[in-house]
Amino acid sequence: MSVEGKIVMVTGSTGGIGKETARQLAALGASVILVGRDKCRADAAVADLRHTSGNDDVTAITADMSRLRDVRRLAQEASGRAGGVVDVLINNAGATRSHREVTEDGIETAFAVNVVAPFCLTHWLMPALTASRQARVINITGGIPRGQIDLNNLQGEKSYVGLSFYNQTKLAQMAMSYRFAQELAATPVTLNVAYPGHAYTSMNKNLTVGTYPPLARPIVPLLRLAMPVVYGHRALLRATRSSVYLASSPEERRTNGAYFNSKAKPTPWPDVVLDGTTRNTIWELCEMQRDRPTTA
Ligand SMILES: NC(=O)c1ccc[n+]([C@@H]2O[C@H](COP(=O)([O-])OP(=O)(O)OC[C@H]3O[C@@H](n4cnc5c(N)ncnc54)[C@H](OP(=O)(O)O)[C@@H]3O)[C@@H](O)[C@H]2O)c1
C-alpha cells in the first residue's frame with residue numbers, strides 16, 4: 001500500500017528513531033500522529049515535521065507509555081482523532097533503566113514500556129485497526145536480538161543489569177509479537193517486528209556506566225567517544241529503513257508474523273521466540289496487565 005492519505009501512528013516519535021520514521025512517512029503523504037510524553041517536545045516535533053516533510057497533516061498526542069491509564073487514553077484519543085480508522089501503528093517507544101524501577105501499575109518500567117505497552121495499545125486500538133481495510137502493526141525491537149529469556153526474572157525480580165535486562169525485554173516483546181501475529185491471522189491486520197540497528201539517540205546518550213554489563217564497563221568511555229561518530233545522523237536515517245518499508249511497501253501487504261532486520265530483509269526469529277512455553281507465559285502476563293483495572 002502507499003501510505004499517502006493513510007493514518008499512521010508512531011509512538012516515541014518526538015525524538016530519535018521514531019521522529020525520523022515519522023518524518024519519512026509524513027514526506028510520503030501519510031497523516032501522522034506523533035506520540036511522546038512532553039507537550040513542548042511534541043509541539044516542537046510537529047512544527048519540525050510539518051516544515052521538513054512539506055506535509056501539514058502531522059499532529060501529536062502526549063502519553064507516557066509506562067502508564068497503562070495513558071496508553072488506554074492514547075488509544076481512545078487516537079481513534080477519535082483518526083475517525084475510527086488507524087492504518088499503521090508503529091510501536092517504537094522503548095525504555096532502558098540503570099536500576100530496577102516499578103511503574104504506578106506495579107510493573108518493572110522497561111518491561112512496561114517495551115512489552116506491556118505495545119501489547120495493550122495494539123489491543124485497545126484493534127477496533128480502529130480492523131476498521132482499516134488493511135492495517136499494519138510494526139513492533140520495534142532492539143538490543144542484541146538473541147540470547148535467553150529467564151521466565152523467573154521476567155520483571156527483573158531476581159537480578160537486574162540495565163542493558164542485559166533491556167535485551168531480555170526486547171526478546172520478550174518479540175515473543176509477544178510472534179503470538180500476537182498468530183492471533184491476527186484471520187483478520188485484516190498484520191503484525192511484524194522490525195530491528196532498526198544502532199543510532200546515537202537520547203536512549204544511549206543517557207546510559208550510565210552501571211547500566212552496562214560489568215565486562216563492558218571499562219570500555220564505556222571509549223564507546224561514548226565512538227558512538228556519535230559511528231552511529232550519527234546517517235545511522236539514524238538507516239534505522240528507519242525496516243519500519244518505513246514494512247509500513248509502506250505494497251509487497252508486504254499480506255506479510256504477517258515476520259521479523260525484518262535493519263536492512264529491511266526477513267530474517268529468522270531468535271530461537272527463544274520459537275519456544276511456545278516462553279511465548280505463552282509472556283502473553284498471559286500481558287493479558288493480565290491489560291485486564292487489570294487502571295487508575296483514572
Ligand atoms: N538507538 C538505538 O541504537 C536502538 C537500537 C536498536 C533498537 N532501538 C529501539 O528503537 C526504538 C527507538 O529508540 P531511540 O533510540 O530512538 O529512543 P529514544 O531516543 O529514547 O526515543 C525518544 C522518543 O521516545 C519517547 N519516549 C521515551 N520514553 C517514553 C515513554 N515512556 N512514553 C512515551 N514516549 C517515550 C521520547 O519522548 P519524549 O519527548 O517524551 O522524551 C521520544 O519521542 C526503541 O524501541 C529502541 O529500543 C534503538
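In this chain, numbering begins with 1 at the start of the sequence shown. Ligands are counted one by one from 1 in listed order, and the atoms in each one are counted from 1 as well.
In summary, the side chains of Asn92 and Thr21 do not present any donor paired with an acceptor at a separation below 3.5 Å, with no hydrogens or angles considered. A donor-acceptor contact closer than 3.5 angstrom links the side chains of Ser31 and Asp57. A donor-acceptor contact closer than 3.5 angstrom links the side chains of Gln24 and Thr240. Inspection of the Thr281 and Thr278 side chains reveals no N or O donor paired with an N or O acceptor under 3.5 Å. Judged purely by distance below 3.5 Å, without hydrogens or angles, the side chains of Asn280 and Arg179 pair a donor atom with an acceptor atom.
Of all the heavy atoms in Gly143 and Tyr166, the pair that sits closest is N-CE2, 3.5 Å.
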One line per pair, note the atom names and distance for all nitrogen or oxygen contacts under 3.5 Å between ligand 1 and the protein.
from: ligand 1; atom 1: 1 (N); to: Ala199; atom 2: O; distance (Å): 3.0
from: ligand 1; atom 1: 1 (N); to: Thr201; atom 2: OG1; distance (Å): 3.4
from: ligand 1; atom 1: 1 (N); to: Asn204; atom 2: ND2; distance (Å): 3.4
from: ligand 1; atom 1: 3 (O); to: Ala199; atom 2: N; distance (Å): 2.9
from: ligand 1; atom 1: 3 (O); to: Ala199; atom 2: O; distance (Å): 3.1
from: ligand 1; atom 1: 3 (O); to: Asn204; atom 2: ND2; distance (Å): 3.2
from: ligand 1; atom 1: 15 (O); to: Thr201; atom 2: OG1; distance (Å): 2.4
from: ligand 1; atom 1: 16 (O); to: Ile17; atom 2: N; distance (Å): 2.7
from: ligand 1; atom 1: 19 (O); to: Thr201; atom 2: OG1; distance (Å): 3.3
from: ligand 1; atom 1: 19 (O); to: Ser202; atom 2: N; distance (Å): 3.3
from: ligand 1; atom 1: 19 (O); to: Ser202; atom 2: OG; distance (Å): 2.9
from: ligand 1; atom 1: 20 (O); to: Ser202; atom 2: OG; distance (Å): 3.3
from: ligand 1; atom 1: 20 (O); to: Met203; atom 2: N; distance (Å): 3.4
from: ligand 1; atom 1: 31 (N); to: Asp64; atom 2: OD1; distance (Å): 3.0
from: ligand 1; atom 1: 32 (N); to: Met65; atom 2: N; distance (Å): 2.8
from: ligand 1; atom 1: 37 (O); to: Thr14; atom 2: OG1; distance (Å): 3.1
from: ligand 1; atom 1: 39 (O); to: Thr14; atom 2: OG1; distance (Å): 2.5
from: ligand 1; atom 1: 39 (O); to: Arg41; atom 2: NE; distance (Å): 2.6
from: ligand 1; atom 1: 40 (O); to: Arg37; atom 2: N; distance (Å): 2.7
from: ligand 1; atom 1: 40 (O); to: Arg37; atom 2: NE; distance (Å): 3.0
from: ligand 1; atom 1: 40 (O); to: Arg41; atom 2: NH2; distance (Å): 3.3
from: ligand 1; atom 1: 41 (O); to: Arg37; atom 2: NH2; distance (Å): 2.7
from: ligand 1; atom 1: 41 (O); to: Arg41; atom 2: NE; distance (Å): 3.3
from: ligand 1; atom 1: 41 (O); to: Arg41; atom 2: NH2; distance (Å): 3.0
from: ligand 1; atom 1: 43 (O); to: Gly12; atom 2: O; distance (Å): 3.4
from: ligand 1; atom 1: 43 (O); to: Ser13; atom 2: N; distance (Å): 3.3
from: ligand 1; atom 1: 43 (O); to: Thr14; atom 2: N; distance (Å): 2.8
from: ligand 1; atom 1: 43 (O); to: Thr14; atom 2: OG1; distance (Å): 2.6
from: ligand 1; atom 1: 43 (O); to: Gly15; atom 2: N; distance (Å): 3.1
from: ligand 1; atom 1: 45 (O); to: Asn92; atom 2: O; distance (Å): 2.6
from: ligand 1; atom 1: 45 (O); to: Lys170; atom 2: NZ; distance (Å): 2.9
from: ligand 1; atom 1: 47 (O); to: Tyr166; atom 2: OH; distance (Å): 2.5
from: ligand 1; atom 1: 47 (O); to: Lys170; atom 2: NZ; distance (Å): 3.1

